[in-house]
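Accompanying notes for the structure given below.
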Amino acid sequence: MNLTSTEQTILWIYAAIVAAWPVRHVVITLFFRWLDVLDLNSPRYGADTSPRVTAVIPAKDEEEALPACLASVRAQTYPNLEILIVDDRSTDATAQIAREAAEADPRVRVLTIADDLPPGWTGKTHALHLAAPQTNGQWLWFLDADTRHHPDCLSIVMEYARTQDAALASLLPEMRCESFWEKVVTPLAGIVLMRTYPTFTANNDRKKLAFANGQFLLIERSAYEAAGGHEAVRDRFVEDIALARRVKALGRSVKTAVAPEISSTRMYTSLSTLIRGWSRILYDAHDRRPLPLIGKILEPLIFSQTGDVALIASLVMLAIGQAGPFAWWLLGLSVVHQVLKQSVLYRMYRLNSPKTAGYAMYYSLAGLVSDVIIARSLWMCVTGRVTWRGTSYGAPAAAPPADRTPEGAVGPPGPTR
């Protein structure tokens, strides 16, 4: 039985889709070669003098994550470090944990934010804006409370910044994934984001694209202040990328390295928080514009999920007795498609962590969750509203106030500058 012209057209179109996957293998190989990677073999800080670094850890109801983060920061081998914990209106034991750390370690101080969040700010940007004047460091090390770091981590990244002449250095840490949904969804969500912000492009000083990861963001104070600090990005949910853009626009170098051996984070612990958290990130990372997000849905529908449809369709045709050449060709192409797709995804999941690589086999399930995440991001583009950590945010604020003196903070006085 010969193929009809319609069947031939379908098979040729599908073959072209399948042929894109070997190309992706080549692209990934080049991508891996171009990455900046920091690991335990990377050099430690080697200059004669060690500039003072202030680690700033914003914490709102972080009683579970904060102790491990603090322990790893306090264990840093870098010699000139101070630590400022920002207790941002916490209702759990966060404040107590912070105070106990300050009592045990003279390098640790606590800044307590008691007032409500002012209009036009996101919670994290406001906390870091209030914290910055309270620091003494020549470098500011902004950290999320759910991160953990090898004792030599700061020393390695300071050397990376020094040798790269970077005013801002950031890391892509290992995503610690413990639950099934974390292992399935988190690596894919990271892939979606990093396809928009490939680090080898963002690290190129001649390119306009800029990227930084606020989970680990090390920035020279002079660059931070020249870029306008967190006040300049006060309404952003991915303030890290917005701040990186401003620093790069100054002509200063911004670098990001992959560093799963020396830093890690556990972002979200349940399916619901994964969906809500990543939809907020993708919404703001794509500048709250629907068109790029629509592309993020259409691309996997065409190049990935067609493989599932083709496989199911061919098996159904064979099961009901339509075992013609079209069904067999469709089955063969779909099997090749699945093998190529899974091998590419395995490599990408493994970049996050060898522990999650095997969960690439659940990509079809992860893809459905990713569609839900992006659909939520699109809805945010329509409504302009985001709810996160019990706070609802509306449209971005207008111009910042002229007075940049932080208010609503209770803590040690800042340095005289």
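For the numbers below, each heavy atom of this structure counts, side chains included, while hydrogens, waters and symmetry mates do not.
When side chains are defined from C-beta on, C153 counts as touching L171, because their heavy atoms get closer than 4.5 Å. Side chains of M267 and I281 form a contact here, defined as non-hydrogen atoms less than 4.5 Å apart. Side-chain contact check for C69 versus I57: some heavy-atom pair is nearer than 4.5 Å. The shortest distance between side-chain heavy atoms of R74 and I83 falls below 4.5 Å. L70 places a side-chain heavy atom less than 4.5 Å from the side chain of I85. For the pair T306 and L301, the minimum side-chain heavy-atom distance is 4.5 Å or more. No side-chain heavy atom of R276 sits less than 4.5 Å from a side-chain heavy atom of Y268.
In this structure, the side chain of S370 does not engage the main chain of A366 through any donor-acceptor pair within 3.5 Å. D39 places a side-chain N or O within 3.5 Å of a backbone atom of S42 that can act as its donor or acceptor partner. Panel note: side chain S353, backbone K355; a donor-acceptor pair is recorded below 3.5 Å. A donor-acceptor pair under 3.5 Å is formed between the side chain of K248 and the backbone N or O of L209. The backbone N or O of L40 lies less than 3.5 Å from a partner atom in the side chain of E261, making a donor-acceptor pair. Judged by distance alone, the side chain of Y359 and the main-chain N or O of V185 form no donor-acceptor pair under 3.5 Å. For the pair K60 (side chain) and S90 (backbone), a donor-acceptor distance under 3.5 Å is absent. Not a single donor-acceptor pair under 3.5 Å links the side chain of D235 to the backbone N or O of G120. Between the side chain of S155 and the main chain of D152, no donor-acceptor pair closer than 3.5 Å is present. The backbone N or O of E63 lies less than 3.5 Å from a partner atom in the side chain of D92, making a donor-acceptor pair.
Salt-bridge annotation for D308 and K341: present, with a side-chain N of the basic residue lying under 4.0 Å from a carboxylate O of the acidic one. The pair E182-R266 meets the salt-bridge criterion, with a side-chain N (NZ, NE, NH1 or NH2) lying under 4.0 Å from an Asp/Glu carboxylate O. In summary, K183 and E178 do not engage in a salt bridge, as defined by a charged side-chain N under 4.0 Å from a carboxylate O. Residues D240 and R245 are not paired through a salt bridge, judged by the lack of any N-O separation under 4.0 Å between the basic side chain and the carboxylate.
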Stepwise ring-ring contact (aromatic ring centres under 6.0 Å, His included) check, H129 with W121:
CA-CA 10 Å; H129 168 66; W121 293 80; 4.7 Å; yes

Report the C-alpha separation of R24 and L340 in whole Å, then their side-chain angles, then the decisive distance to 0.1 Å, and conclude whether the side-chain contact (heavy atoms from CB on, under 4.5 Å) test is met.
CA-CA 9 Å; R24 291 186 174 192; L340 290 171; over 6 Å; no

So C381 and R289, side-chain contact (heavy atoms from CB on, under 4.5 Å) or not? Walk me through it.
CA-CA 6 Å; C381 292; R289 294 181 294 123; 5.8 Å; no

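Y160 and D36 are linked by a side-chain donor-acceptor pair at a separation below 3.5 angstrom, with hydrogens and angles left out of the test. Side-chain atoms of N213 and S170 include no donor-acceptor pair closer than 3.5 Å. Side-chain contact check for T273 and S270: at least one donor-acceptor pair (N or O, by modelled atom type) lies under 3.5 Å. Side chains of T196 and H286: a donor on one and an acceptor on the other come within 3.5 Å. Counted by atom type alone, S264 and R148 present zero donor-acceptor pairs between their side chains at under 3.5 Å. A donor-acceptor contact closer than 3.5 angstrom is absent between the side chains of D87 and T94. Counting only N and O atoms by type, the side chains of S304 and Y363 include a donor and acceptor under 3.5 Å apart. When only modelled atom types and interatomic distance are considered, S263 and H149 share a side-chain donor-acceptor pair under 3.5 Å. Neither side chain, K296 nor S377, offers a donor N or O lying under 3.5 Å from an acceptor on the other. For the residue pair H25 / S343, a side-chain donor-acceptor distance below 3.5 Å is found, with atom types taken as modelled. For the residue pair D165/S253, the side-chain donor-acceptor check at 3.5 Å is not satisfied.
Screening V369, T186, T269, I275 for a side-chain contact (heavy atoms from CB on, under 4.5 Å) with W181, the sole residue that qualifies is V369.
Rounding to the nearest 0.5 Å gives a distance of 11.5 Å between CE of M361 and OH of Y349. Between the CZ atom of F303 and the CD1 atom of I17 there is a distance of 6.5 Å, given to the nearest 0.5 Å. The line from CG of L66 to CG of D146 is 10.5 Å long, rounded to the nearest 0.5 Å. For the atom pair T265 OG1 and F216 CZ, the distance stands at 12.0 Å (nearest 0.5 Å). Note that CG of N80 is 10.0 Å distant from CG of L154, once rounded to the nearest 0.5 Å. We find the CG-OG distance between L250 and S222 to be 9.5 Å, quoted to the nearest 0.5 Å.
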Which atom pairs, donor and acceptor, lie under 3.5 Å between side-chain atoms of residues 137-145 and protein residues at least two apart or in another chain?
residue : atom : partner : partner atom : Å
Q138    : OE1  : R52     : N            : 3.4
D144    : OD1  : K124    : NZ           : 2.8

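No more than 12 heavy-atom neighbours from other residues, nucleotides or ligands sit within 6.0 angstrom of OH on Y362. The 12-atom threshold is not exceeded at CD of E64, counting heavy atoms of other residues, nucleotides or ligands nearer than 6.0 Å.
A search for salt bridge (Lys or Arg N to Asp or Glu O under 4.0 Å) contacts involving D284 returns R236, R288, not counting sequence neighbours. W379 pairs by the ring pair (Phe, Tyr, Trp, His ring centres under 6.0 Å) definition with nothing, not counting sequence neighbours.
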